[in-house]
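Below you'll find the structure, written out as structure tokens, and then a few comments.
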Amino acid sequence: MTDAGLTGDATGAVLVLNSGSSSLKYQLVHPDSGEVVASGLVERIGSETAAAEHEQNGDTRRFDGPIADHHEALAKALDLFAEAGTDLASSGLQAVGHRVVHGGQEFSEPVLVSDEVIETIDALSGLAPLHNPVNLMGITAIRALLPDVPGVCVFDTAFFHHLPAAAATYAIDRDVAAEHHIRRYGFHGTSHEYVSGAAAEFLGADPTDLQQIILHLGNGASASAVRGGRPIDTSMGLTPLEGLVMGTRSGDIDPAIVMYLRRVSDMDIDDIDHMLNSGSGLKGLCGENDFRTITSMVADGDEAAQLAYDVYIHRLRRYIGAYMVDLGRVDAIVFTAGVGENAPTVRRDALAGLERYGIAVDDEANVVRSRAARRISTADSEVAVLVVPTNEELAIARKAAAVVAGA
Ligand code: ADP
């Protein structure tokens with residue numbers, strides 16, 4: 001994805017930040033052309049053995065050593081930019097775009113960073129304790145380091161803000177739900193929006209005419225049904241735990257499992273939370289969460305890996321079926337993200353035997369490796385089955401540039 005150094009010029013570019021608990025990913029990208037000037041990753045923030053890797057002009061620069069916090073991590077990234085010849089503070093950067101996971105009911109659009117916005121994101125931390133506080137660390141750190149560059153928050157939930165009420169509402173006590181802001185928010189929205197738009201472009205169709213099922217299958221995974229460019233359903237809910245089987249997350253379970261475990265085991269609520277978010281999904285079932293490893297374990301006849309794979313596919317097919325009915329007519333089924341873009345067996349098995357519904361994957365096209373958007377359905381498949389690489393960084397950069405232009 002990185003085309004570092006086509007011009008190397010940062011003027012008008014957007015620095016996109018994705019700030020995690022112990023890692024920070026960044027990319028300097030031109031929103032119009034999509035040209036990536038530089039990209040980098042700081043890992044193990046908060047430890048003595050942190051590492052930063054920065055790619056620019058075809059060169060990779062590294063730092064290994066202690067990095068105390070996100071402020072230091074970004075200061076280190078800025079040093080690496082300077083070593084590569086770019087002083088970000090005076091480079092003509094037009095914005096910093098931040099991926100923020102939970103926008104709650106407050107944010108349906110990207111917003112300029114301000115003290116008030118920071119307070120609101122902080123107030124939403126109860127809904128996303130693993131994500132919003134660490135997203136904020138990146139926001140406040142870069143604000144201190146580059147005070148003259150406007151920041152823009154782009155929310156993972158925003159695309160799903162106007163989900164139809166029937167899809168957004170949990171059938172629980174409505175007063176409890178209202179008091180605690182419990183609804184289905186949906187996540188990976190930036191990717192679902194970008195990919196559904198790119199699929200329409202690939203098909204040469206007007207997005208408002210298209211009905212699509214988008215399958216974002218990465219380490220986290222989610223599905224959405226998109227009609228006329230707007231989502232009518234999605235698999236993630238109050239948090240990114242609901243829905244598909246993921247690398248380490250369970251996806252859908254009977255909610256009674258939580259109460260049952262609390263009563264019969266010595267696990268407290270944090271233990272259960274940790275198990276469902278970090279020790280479940282593929283990892284919980286077979287000890288591994290990387291699909292490449294699981295694929296080779298399956299090939300070697302590993303029974304646990306086979307079951308993990310089967311559960312993963314079973315859940316995926318259940319959502320595809322639900323969204324076929326939700327939409328009524330499906331024009332395209334689109335695979336994206338690490339697994340969706342790279343695992344032909346998943347694409348084949350997710351759609352096997354659906355010819356009578358107008359869905360037929362072409363086995364030869366399906367195994368072709370490419371980084372470009374492509375069609376993998378047969379010529380007579382009524383439904384276009386596509387692989388469309390996601391590009392959340394570019395989507396965030398474009399949204400950030402649009403907010404700054406309109407400010
Ligand atoms: P996230 O952004 O959610 O961390 P990605 O979209 O980068 O995840 O997807 C990461 C996952 O993609 C990896 O865990 C791996 O399982 C899967 N993946 C990457 N490359 C391949 C491949 N060649 N074959 C199968 N799976 C792959």
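Order of listing sets the numbers, starting from 1, for every ligand and every atom in it.
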Shortest heavy-atom approach to atom 25 (C) of ligand 1 - which of His216, Glu288, Arg292: Arg292

Stepwise side-chain contact (heavy atoms from CB on, under 4.5 Å) test for Asn342 and Phe291: CA-CA 9 Å; Asn342 297 299; Phe291 232 93; over 6 Å; no

Can you tell me the protein heavy atom closest to [atom] and the distance?
atom                    : result
atom 23 (N) of ligand 1 : Asn342 CB, 3.4 Å
atom 8 (O) of ligand 1  : Asn219 N, 3.1 Å
atom 2 (O) of ligand 1  : Lys25 NZ, 4.8 Å

Listed partners of His98 passing ring pair (Phe, Tyr, Trp, His ring centres under 6.0 Å), at least two apart: none

Per-atom contacts of ligand 1 with Phe291, taking only distances under 4.0 Å to non-hydrogen atoms: 15 (C), 16 (O), 26 (N)

Ligand 1 N/O within reach of Gly220 N/O, cut-off under 3.5 Å: yes

Heteroatom distance test (Ala337, ligand 1): nitrogen or oxygen, under 3.5 angstrom: no

Let me check something: any side-chain donor-acceptor pairs from residues 157-169 under 3.5 Å, sequence neighbours excluded? List them with distances.
unit_1, atom_1, unit_2, atom_2, d
Thr157, OG1, Gly103, N, 3.0
His161, NE2, Gln105, O, 3.1
Thr169, OG1, Ala165, O, 2.6

Charged tip of Arg183 within 45° of Tyr185 ring normal and under 6.0 Å: yes

Main-chain N/O of Gly243 paired to Asp252 side chain as donor or acceptor, under 3.5 Å: yes

